[in-house]
Protein chains: 2
Amino acid sequence: MRRNPERRRALIDGAIEVLAREGARGLTFRAVDKEAAVPPGTASNYFANRDDLFTQVGGRIYERLLPDEATMARSREGTQDQNRYAELMHELVDRVSAFNTGYLALLELRLEATRRPELRAVLTERIREDIDANIAHHAASGLPGDKTSVLLLYLALNWLIVERLTLPDIFTEQEIHDLVDEAVRRSLGA
Amino acid sequence: MRRNPERRRALIDGAIEVLAREGARGLTFRAVDKEAAVPPGTASNYFANRDDLFTQVGGRIYERLLPDEATMARSREGTQDQNRYAELMHELVDRVSAFNTGYLALLELRLEATRRPELRAVLTERIREDIDANIAHHAASGLPGDKTSVLLLYLALNWLIVERLTLPDIFTEQEIHDLVDEAVRRSLGA
DNA sequence: AACGTAGTACTACAGGCGGAGTGGTGTCAA
DNA sequence: TTGACACCACTCCGCCTGTAGTACTACGTT
């Protein structure tokens, strides 16, 4: 088992692209090798088996999907009212949509998780952390709404992104924009 | 190209199970043959190629996911208030979750649609119809809320089902129940 | 400065699996 | 008798895994 961390990261990033492009079943050692432009057989040396590969990708994908520190810092600026909230959610949707291969890869991983208990455990933990962090961040931010608002926004925006990435002709960009606004407004609740 | 419609339906239903279990890439003629318990080679005779198979499955899957007439009729009974709305949404979530292979297959198809234009066209049309039907049905029902409520519920409940089917430990059954209630309440808006 | 060692990159090969496509045969009914 | 379909068999092909073996490089030792 090789240990070069740069190479490992390159392989995992390659695996994300393969996942998005070829689907879970297309994620093979050879495909990862090609995508990462390393000699065939390399991935075999870095992952014990396909299960291991899936698990490691599941562990890393959130690092790439989450906002960086600068973005987080910026999110705390300005008056924290409903308009600001909507603005942040627009940024979120755009940021995630922009890294579309990452989001599609995560969907593939979710589906694969129905077949691989280890992967399911990793994803459950990561996503649980993410949700809890969102709730905590929201509570500390002074933005309007409660925990339920955060959860409802999480639900609605996730599917909105699915819709945009998988069947882009269902909603126009304008409709997506308006739905984000309305989702924020109504999820804040009475 | 064979034409026996019963056999074709059996093959497509088999394909749905294969999709859910093995993923899009696992959907092969041979796998469908096995699942439908017909001799190997049969699917080759019913679908011109894999693309055709995907497209036909995409056309049929909604027939099986949508409520039957009896359920639709029952949905129009009783006082059409917010509590009734929530009740209907609980039924919806449970009904779709119950046919989990169908829902998972649809997710696989969505992901595959990013690679197959024909499939994308079919799914876009079907889902567009479904959304429009939901809006029309809602408008005629006398239930509270507007078109936007319907769309926001569509978004939130879809992801809730994804969450339940792919990572069941993220939310408890109780949390799911409460989220449906809150989604109905808040999506109705001010 | 020469040498040895460890870790890694790269190459090559053997073996296997599963699928596509197709042609042929049997069967039944109009 | 003819046509449509079920069923069966066979060949060709592509891709993947696992692993053994070789080459290279860096680093520590003496």
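These values consider heavy atoms only, across backbone and side chains, with no hydrogens, waters or symmetry-generated copies. Sequence lines set the chain letters: A, B, ... in the order given, protein chains first and strands last, and positions in each chain run from 1.
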Salt-bridged, [X] to [Y], with N to O below 4.0 Å?
| X | Y | result |
| --- | --- | --- |
| B:D146 | A:R186 | yes |
| B:E91 | B:R95 | no |
| B:D132 | B:R128 | yes |
| A:R84 | A:E87 | yes |

_Five pairs per end, C1' atoms only: what is the angle between the end axes of the helix from C:dA1-D:dT30 to C:dA30-D:dT1, to 10 degrees?_
0°
*Can B:H138 and B:Y85 be said to form a ring-ring contact (aromatic ring centres under 6.0 Å, His included), step by step?*
CA-CA 10 Å; B:H138 172 270; B:Y85 203 171; 5.6 Å; yes
*Output the residues of residues 37-49 of chain B in contact with DNA chain D, where contact means a heavy atom of the residue under 4.0 Å from an atom of the strand; sort by number or write none.*
B:P39, B:P40, B:N45, B:Y46
*Is any side-chain heavy atom of B:R64 closer than 4.5 Å to a side-chain heavy atom of B:D13?*
yes
I need the [atom1]-[atom2] distance between [X] and [N], as an integer number of Å.
| X | N | atom1 | atom2 | answer |
| --- | --- | --- | --- | --- |
| B:L53 | C:dG19 | CG | P | 13 Å |
| A:L11 | C:dA9 | CG | P | 9 Å |
| B:N4 | D:dA4 | CG | C1' | 10 Å |

*asked:* Just to be sure I understand the geometry, which residues of residues 14-35 of chain A put a non-hydrogen atom under 4.0 Å away from DNA chain C?
replied: none
*Is there a donor N/O on one and an acceptor N/O on the other, under 3.5 Å, for the side chain of A:R2 and the base of C:dA9?*
yes
*asked:* If I take atom CZ from residue A:R25 and atom CG from residue A:L19, how far apart are they, to the nearest 0.5 angstrom?
replied: 14.0 Å
_As an exercise, state the distance from CG of A:D81 to CG of A:N83, rounded to the nearest 0.5 Å._
5.0 Å
*Going by the angle between their ring planes, with limits at 30° and 60°, are A:Y103 and B:W159 parallel, tilted or perpendicular?*
tilted
*Going by the angle between their ring planes, with limits at 30° and 60°, are B:Y154 and A:F171 parallel, tilted or perpendicular?*
perpendicular
*For C:dA9, does either OP1 or OP2 sit under 4.0 Å from a side-chain N or O belonging to A:R7?*
yes
_With side chain to side chain donor-acceptor pair (under 3.5 Å) as the test, pick out the partner of B:T166 among A:E112, A:R120, A:R110._
A:R110
